[in-house]
Amino acid sequence: MGAPAVKIAVCIKRTPDSESRFRIASSGVAIDEAGLKFDIDDFAGYAVEAALQINEKGGGGETVVVAVGPDSVQESLRKAMSMGADRAVQLKVDSVPADGLAVAKALAAELKDGGYDLILFGKHAFDTSAGVVGTATAELLGLPCVTAVSQLDVASGRGSARRELEGAAELVEFPLPAVVTIDEGVARPRYPSLKGIMAAKKKPLESKPAQLGAVRVSVQKAELPPERPAGRIIGEGASAVPELVRLLQSEAKVL
Amino acid sequence: MANVLVYAETRGAALRKLALEAVTAARALADASGGGEVHALVAGPSGVGAASEQLGAYGADVVYVVEHAALSNFERESIAATLADRAKQGGYRAVVLGFSTQGRDLGPRLAVKLDAPIASDVTEINVAGDAIVVKHPGYANKVLVTLTLSGSLVVLSVRPGAITAKQAARSARVESIQPAVDPSASRVVVKQVVEGAKGRPDLGEAPVIVAGGRGLKAAENFKLVEELADAFGNAAVGATRAVTDDGWRPHSDQIGQTGRQVSPQLYVAIGISGAIQHLAGMRTSKTIVAINKDKDAPIFKVADYGIVGDVLEVVPALTTAVKAARASH
């Protein structure tokens, strides 16, 4: 006897490889994307994996990946489908605005009549680390929201989760439908298999305009922060400790 | 002239440091908006109103106190509704929060309830005509972004540690208000709280952080990190992702791009090579000390003071020296 099928939407963002060395574009308001590797954002990848595992365990169900983005986001949507998601929706924009509320409005408009039991997000995306869109989407939809979840289970129309706090955690329960934002700790995202990659080519990817509404937050300037002064090695082994303590006291004044 | 509403976050019944930083940011914003008032809202169990005096000392003109037994837990649905209710009373230019677990949760809820644009994790707030202009370090602190927010009311959350709390003495008027929504009626029910390390400050607030990596070689050697933290007296303990993945330390101790982002006065990296994932979480620390056996480890590129050596030998010596230094003054 399996659990009832669960319909899950996973909202993903496409972000550059976090290990990149960034340059500023000539516009002065964005990073230069030339030469950067883009992929599903780390936390959104965990969210895709969490959704797939819930539906594999429960049997049946459906996992739909949704993204606001230009056409380049289709590659990320295809990748999520090659991992196992059933279909994808692109909410098309020329570029993703810095206004998280506008993005959430576009997602809520798409999701509100979708009949989803669970809507997953990454806890935040690498580029902004703002974590606005998931919680704002929940609020727009009037759904319960659990953020920074490192373990997630669904059974009999209820969810249970471990929510990470600052230096502590909570075990919580909540009714479905609900919005959950995913932290590390759920299983690592799987690599798409060759079979998965082939299957994803035939899965439906629907593209439609995003209903962003007014965009009221915009980037005025992007710049590289000042570099830290070059590091210095003050000595080797325990014999360097007195010099370190002296510097912490007299120069850094932190001791 | 416009007023600024600020959420004064508490832990237990005590104000958090980031609450005073948020009040300082709100004070500066109100002053820059033509000399409005700062209204702070503090919520918690009975007795939390005692924080009002301190909020006044840091620049609050009015303190709204929401006391309810069920608010001993952070009841986000109720607090968000209460803040939004207050903000709708009108005359506010901005709602300011700390970018903490609580602020991350409340900010987007408020943005929706007030239909106000939001900027998160900001390190600087300025007024430019009708717009509010903020700075936000994005891309794991590798790109500094300046954002412009239009709209007559905005929601801003301030990065902990980015703004220094400053006294600006006011004798705040205190007003008690009721929660807008019953705090015991949350749809998300907390079944159990799993406490982290006791007796140490939180990573987000500690002036000193001692963090350990794989270079410690074994989980039991992490006690060297604990002992050094004890020697400093006011230090929190952190770890790299490799260490938390291996289960030497809980996930909540992880510092890095996928863990906590910290900027203490002093960061001591022990047996940490300095992977980009880790640097993203601590490179904004004021002073960085690194102890590592590999002189080519990337951590030494950002360390103000590096010692090349075996952590099992250097760290106990440092612990003894720090104890002696602290005992002598």
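Treat the numbers as computed from the prediction; the structure is a model and nothing was measured. Below, read A as the first sequence line, B as the second, and so on, with proteins coming before strands; counting in each chain starts at 1. For the numbers below, each heavy atom of this structure counts, side chains included, while hydrogens, waters and symmetry mates do not.
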Query - Under 3.5 Å side-chain donor-acceptor pair for T146(B) and Q220(A) - result: no
Of the listed A230(A), P175(A), A178(A), the one with the largest count of heavy-atom pairs under 4.5 Å with chain B is P175(A)
Ignoring hydrogens and geometry beyond distance, is a side-chain donor-acceptor pair present between S160(A) and E173(A) at under 3.5 Å? no
Looking only at Q102(B), R326(B), R11(B), most heavy-atom pairs under 4.5 Å shared with chain A are made by R11(B)
| message | Do the side chains of R16(B) and E166(A) get close enough for a salt bridge, i.e. N-O under 4.0 angstrom? | response | yes
Sidechain N-carboxylate O distance under 4.0 Å for R188(A), E49(A)
no
Greatest number of non-hydrogen atom pairs under 4.5 angstrom with chain B, of F22(A), F43(A), F126(A), falls to F126(A)
Checked D121(B), L266(B), L203(B) vs chain A; the most non-hydrogen pairs under 4.5 Å come from L266(B)
Most contact-rich option vs chain B, by heavy-atom pairs under 4.5 angstrom, among L171(A), I24(A), L101(A), is L171(A)
Bottom line for Q254(B): the part with an atom under 4.5 Å from chain A's heavy atoms is side chain
Point to revise | Check ion pair D115(B)-K105(A) (N to O, under 4.0 angstrom) | key: yes
Show the atom names and distances, to 0.1 Å, of all donor-acceptor pairs under 3.5 Å that link a side chain in residues 299-309 of chain B to residues at least two apart or in another chain.
unit_1	atom_1	unit_2	atom_2	d
D304(B)	OD2	R228(A)	NH2	2.9
D304(B)	OD2	I288(B)	N	2.7
Y305(B)	OH	E251(A)	OE1	2.6

For S76(A) and D39(A) the tightest heavy-atom approach is OG-C, 4.1 Å
Heaviest contributor of heavy-atom pairs below 4.5 Å to chain A, chosen from A131(B), P250(B), S100(B), is S100(B)
Honestly, the part of V315(B) sitting under 4.5 Å from a heavy atom of chain A is neither
NZ/NE/NH1/NH2 to OD/OE distance under 4.0 Å, K13(A) and D41(A): no
Carboxylate-amine/guanidinium contact E184(A) R241(B), below 4.0 Å: yes
Given H251(B), Q277(B), R104(B), the one with more heavy-atom pairs under 4.5 angstrom with chain A than any other is H251(B)
One option among V190(B), L149(B), V145(B) has the most heavy-atom pairs under 4.5 Å with chain A, and it is V190(B)
Okay, S20(A) and chain B: the region with an atom under 4.5 Å from a heavy atom over there is backbone
When the 4.5 angstrom heavy-atom criterion is applied to R162(A) and chain B, the contacting part is side chain
When the 4.5 angstrom heavy-atom criterion is applied to L244(A) and chain B, the contacting part is side chain
